[in-house]
Amino acid sequence: MRIAGQVSIDDIPKICPLVSRTANPQYGEHGTRVVNVAGVRFGGERPVVIGGPCAVESHAQTVGLAHAVKRAGADMLRGGAYKPRTSPHDFQGSGLEGLCILSIARQETGLPIVTEVMDPRMVAEVAEVADMLQVGSRNMHNYTLLAEVGRARKPILLKRGMSASLCEWLGAAEYIAKQGNMDIVLCERGIRGFPSGEYSRYVLDLNVIPAAKMLAFLPVVVDPSHATGVSAMVEPASRAALEMGSHGLLIEVADLTLGEPRCDGLQAIDAATLARIVRFAQEKKSVRSPELAAEGGKERRPSSALKATAAFPS
Ligand code: PEP
Ligand code: MN
């Protein structure tokens, strides 16, 4: 039966010709487009680790954490100046002042910055400070924003919508690519499932890492912080993501001696834990997907490889 509006992974080459692996044979079966963010190479020789606060709250908090993240050996600094919050009465981020603080943090540490942009009208302003623009989970379906960041001359970290299929996620990447910006890094951050909120915030979809890598040639990273919502789960989830072939990690870090962060404190890890994750990531010599390695070089179309896996559900 054919249903209006339904797409499957077999349609990816047709609906996403710019990011699809099959539609771009120059990347072969395993090649990744390396996305260079101020010298940090996503999809390069080793996984990239990004650490930093959920929100930029103050100069002391963010600059202090930036130094701790740097000492831990991470490659980039994260931090939201604009925060998408469930309640409009909650802290919404520190806005322009937050962007200035991020810029100081980069100046002091040399760490490139990724920060979220929520509003198409703010893209130019945020892009002046950010080395990489983050499109958040809630905005993955905001096609106006996707087109606008596609016109920005900055790499994009595209989070997966919390209820988005892989086709929808790659479709969102295609919107950015259509504007001429191919510097896109996909970020899995957990999806809604029936146990979401019972023992973890979302369900970390590790399986999507090899699947996305099979269907598209873009680097794929994982945010274990929002995926789990529990600080004790962040380190093992990071290792699991790297074992599944993630090209990097986006992790929330806090200095709890400064008091409780204004958002997402329960999922923040400390700098010592970040340093252990960085060491684990640096030991990963290869980020090839395990299932691709198992193919033994035999030519198979990406979606038929997924179908073959689906035939053995247990
Ligand atoms: C974030 O990384 O700051 C964030 C809000 O994440 P998400 O969009 O995945 O919820
Ligand atoms: Mn957060």
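All values below come from the heavy atoms of this structure, side chains included, with hydrogens, waters and symmetry mates left out. Counting convention: from 1, in listed order, for ligands and their atoms alike.
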Option of least heavy-atom distance to atom 5 (C) of ligand 1 (set: Glu116, Arg201, Arg160, Lys159):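 Checking each option, the heavy atom nearest atom 5 (C) of ligand 1 is found in Glu116.
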>> Checking Tyr27 now: which residues fulfil ring pair (Phe, Tyr, Trp, His ring centres under 6.0 Å) with it, not counting sequence neighbours?
In response: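 Ring pair (Phe, Tyr, Trp, His ring centres under 6.0 Å) list for Tyr27, sorted by chain: Phe217.
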Within the 4.0 Å heavy-atom shell around Gly136, which atoms of ligand 1 are there?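 Here the atoms of ligand 1 in question are 8 (O).
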Would you mind listing which atoms of ligand 1 come within a distance below 4.0 Å of any non-hydrogen atom of Arg189?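 Counting atoms of ligand 1 from 1, those under 4.0 Å from Arg189 are 7 (P), 9 (O), 10 (O).
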With a 4.0 Å cut-off on heavy atoms, does Gln134 reach ligand 1?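 A heavy atom of Gln134 does come that close to ligand 1.
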At a threshold of 2.8 Å, where the distance has to be below it, does the Mn ion (ligand 2) have an N, O or S atom of His226 nearby?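 Looking at His226, which is the residue asked about, there is an N, O or S atom under 2.8 Å from the Mn ion (ligand 2).
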| field | salt bridge (Lys or Arg N to Asp or Glu O under 4.0 Å) evaluation trace for Asp264 with Arg201 | value | CA-CA 11 Å; Asp264 288 351; Arg201 189 169 181 177; 3.1 Å; yes
Could you check whether any side-chain heavy atom of Pro261 comes within less than 4.5 Å of a side-chain heavy atom of Leu256, counting everything from C-beta outward?
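Result yes, sub-4.5 Å side-chain heavy-atom pair found.
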- Name, closest N/O/S atom of Glu252 to the Mn ion (ligand 2):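 Sorting the N, O and S atoms of Glu252 by distance to the Mn ion (ligand 2) puts OE2 first.
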_Nearest N/O/S atom of Asp264 with respect to the Mn ion (ligand 2), by atom name, please._
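So the atom name we want here is OD2.
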- Task: Using atom types as modelled and distance alone, determine if a side-chain donor or acceptor of Lys213 lies under 3.5 Å from a backbone N or O of Gly31.
- Result: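 Here the side-chain-to-backbone pair does not exist.
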### Residue among Arg189, Gln134, Lys159, Gln267 satisfying side-chain hydrogen bond (donor to acceptor under 3.5 Å, both in side chains) with Asp223
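For Asp223, the side-chain hydrogen bond (donor to acceptor under 3.5 Å, both in side chains) check succeeds only for Lys159.
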Top protein contact for atom 8 (O) of ligand 1, by heavy-atom distance |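 Ranked first by proximity to atom 8 (O) of ligand 1 is Ser137 N, 2.8 Å.
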- What residues join Val37 in its hydrophobic cluster, counting side-chain heavy atom gaps under 4.5 Å, either direct or through other members?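 Answer for Val37: Val35, Val40, Phe42, Val48, Ile50, Met76, Val114, Met132, Leu157, Val185, Val221, Leu250.
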- Task: Answer with side chain, backbone, both or neither: which part of Met162 has a heavy atom less than 4.0 angstrom from an atom of ligand 1?
- Result: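 Looking at Met162 and ligand 1, no heavy atom falls under 4.0 Å.
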Task: Between Glu97 and His59, a side-chain donor and acceptor under 3.5 Å - done: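 No, no side-chain donor-acceptor contact under 3.5 Å.
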